[in-house]
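Letters A, B, ... mirror the listed sequences (proteins, then strands); counts begin at 1. Given the structure is predicted, the values throughout are model-derived calculations rather than measurements.
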There are 2 protein chains.
Amino acid sequence: MSTRVSPGRPFSVSHELILTTAIQIVDEEGADALTLRRLAKSMNSGTATLYRNFESREALIAQVVDRLFAEMEASMPEVAGLGWKQACRMLANHMFTTLRRHRGAAQLLIKAIPNGPNAMIQRERSLAILLNNGFSAPLAARAYATLARYVLGFAIQFSDNGASGEDDAKQAEAFHRLDWSAFPATLFVIGELPLPLDEEFSFGLDLMIYGLSELRKNDSNK
Amino acid sequence: MSTRVSPGRPFSVSHELILTTAIQIVDEEGADALTLRRLAKSMNSGTATLYRNFESREALIAQVVDRLFAEMEASMPEVAGLGWKQACRMLANHMFTTLRRHRGAAQLLIKAIPNGPNAMIQRERSLAILLNNGFSAPLAARAYATLARYVLGFAIQFSDNGASGEDDAKQAEAFHRLDWSAFPATLFVIGELPLPLDEEFSFGLDLMIYGLSELRKNDSNK
DNA sequence: ACCTGAACACCGTTCAAGT
DNA sequence: ACCTGAACACCGTTCAAGT
């Protein structure tokens with residue numbers, strides 16, 4: 001697969017290699033492992049060389065992030081024939097799945113809101129679906145912004161905390177130490193927790209889409 | 001303020017002082033500034049001394065996090081007479097506000113789900129409200145888990161990225177470079193973006209609460 | 001002209017040495 | 001017995017020196 005947005009400037013080959021290697025590191029070892037030293041070593045180079053292609057670590061990360069949006073765009077499911085609800089669900093799930101596939105990638109999106117070319121294309125596509133389905137400009141803007149934050153917020157929380165075995169053990173132990181009189185509600189629902197991550201995500205997503213459908217009715221009637 | 005010598009158990013005063021100082025640093029300089037060296041220097045001490053009170057940086061952060069839950073608990077609004085919708089809204093807003101007041105604090109909650117005593121009390125209180133209002137155990141568990149993730153997900157994204165002036169300038173510049181033919185939907189809603197953060201948060205929260213009210217009806221009728 | 005080793009000022013963690 | 005300076009193995013960034 002070729003790059004969607006090519007710079008066509010000096011250092012482009014090296015530039016390519018750096019981004020590819022960076023994503024590989026994020027995939028295999030998480031966001032914390034993406035250090036300039038680690039990255040340079042993977043390419044048998046030194047950190048100083050990286051500064052020939054990128055102004056700073058932050059700038060490099062911004063381009064890594066846009067790569068992820070390019071990948072999302074390339075593997076985007078077909079939503080043309082679907083209703084807006086189903087389209088929203090698929091787009092949100094697709095973004096969520098992509099971020100989860102690249103382990104700690106979601107954490108890279110925190111610092112700065114994605115502004116790269118591929119992120120812009122994705123926003124355009126999403127807004128167009130809403131506007132073509134009777135959403136007013138203010139409602140479409142709100143719906144898109146909130147849903148995008150929702151997906152990213154969940155993806156961040158599910159991104160890196162790999163050692164669920166150890167965490168779940170601690171959680172279970174803490175629950176067992178609770179006494180009935182002080183924590184009746186917690187113990188009453190204890191069999192339901194913790195929820196599978198995907199289920200938690202889908203549950204909240206459906207709540208929001210349902211709420212949007214109600215707002216849309218009033219929006220259109222007005 | 002001078003350092004007091006503890007008469008009773010060893011390190012207890014120092015333990016207190018460390019947590020207080022840590023929160024002060026997070027408030028004033030953000031989560032990134034909370035380094036052990038920075039923390040030790042604030043107390044005219046060395047990093048090694050910190051390891052006398054805390055097993056690791058991670059353990060220290062876990063206790064800082066539970067301090068925030070304690071603060072939330074202490075300033076919790078009265079929700080006894082309110083309906084569950086209004087109670088949910090107030091609890092979610094309160095958690096969001098508390099996390100925002102301590103600038104980068106939300107980022108400290110990512111690594112491990114809060115397990116401290118004060119976090120447990122807060123969960124008990126929230127679950128009890130849902131269960132006392134006709135929610136079944138499965139629905140209450142889902143509602144609580146999803147809302148808690150929602151609040152934290154938003155708080156994280158609004159936590160540290162302080163330089164909104166520079167960011168907004170970049171965003172505006174990027175928007176101006178767009179051409180109408182390629183980005184019609186984006187340009188159509190451009191006047192609506194970016195939304196104020198609180199509005200975005202409230203918008204999504206209301207969507208979820210509305211969706212929950214529908215699920216609750218079926219839940220109770222069953 | 002292009003590249004990079006080495007330095008600088010940081011980071012979390014450990015432990016031998018000091019009191 | 002208690003504390004901590006100093007070391008260790010890292011980090012992002014810079015620049016003089018090498019090719």
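The side chain to side chain donor-acceptor pair (under 3.5 Å) check on A/Thr35 picks up nothing, with sequence neighbours excluded. A search for ring-ring contact (aromatic ring centres under 6.0 Å, His included) contacts involving A/Tyr144 returns nothing, not counting sequence neighbours. By the ring-ring contact (aromatic ring centres under 6.0 Å, His included) test, B/Phe54 pairs with B/His15, sequence neighbours left out. Under the ring-ring contact (aromatic ring centres under 6.0 Å, His included) criterion, B/Phe203 pairs with no residue, sequence neighbours left out.
Salt-bridge annotation for B/Arg142 and A/Glu192: absent, with no side-chain N of the basic residue lying under 4.0 Å from a carboxylate O of the acidic one.
Within the model, atoms OG of A/Ser42 and CD of A/Gln24 stand 7.5 Å from one another, a figure rounded to the nearest 0.5 Å. For the atom pair B/Ile23 CD1 and B/Arg67 CZ, the distance stands at 6.0 Å (nearest 0.5 Å). One finds the OH atom of B/Tyr150 at 9.5 Å from the OH atom of A/Tyr150 (value rounded to the nearest 0.5 Å).
If you take CD1 of A/Ile18 and P of C/dC3, they are 11 Å apart, rounded to a whole angstrom.
Helical stems of DNA chain D (runs of at least 3 Watson-Crick or G-U pairs, donor-acceptor distances under 3.5 Å) are listed by first residue: C:4-8 with D:12-16, C:12-16 with D:4-8.
Rounded to a whole angstrom, the distance from the P atom of D/dC2 to that of C/dT13 is 23 Å.
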For nucleotides 7-19 of chain C, 5' to 3', base contacts (B), sugar-phosphate-only contacts (S) and non-contacts (-) with protein non-hydrogen atoms under 4.0 Å give B---BBBBB----

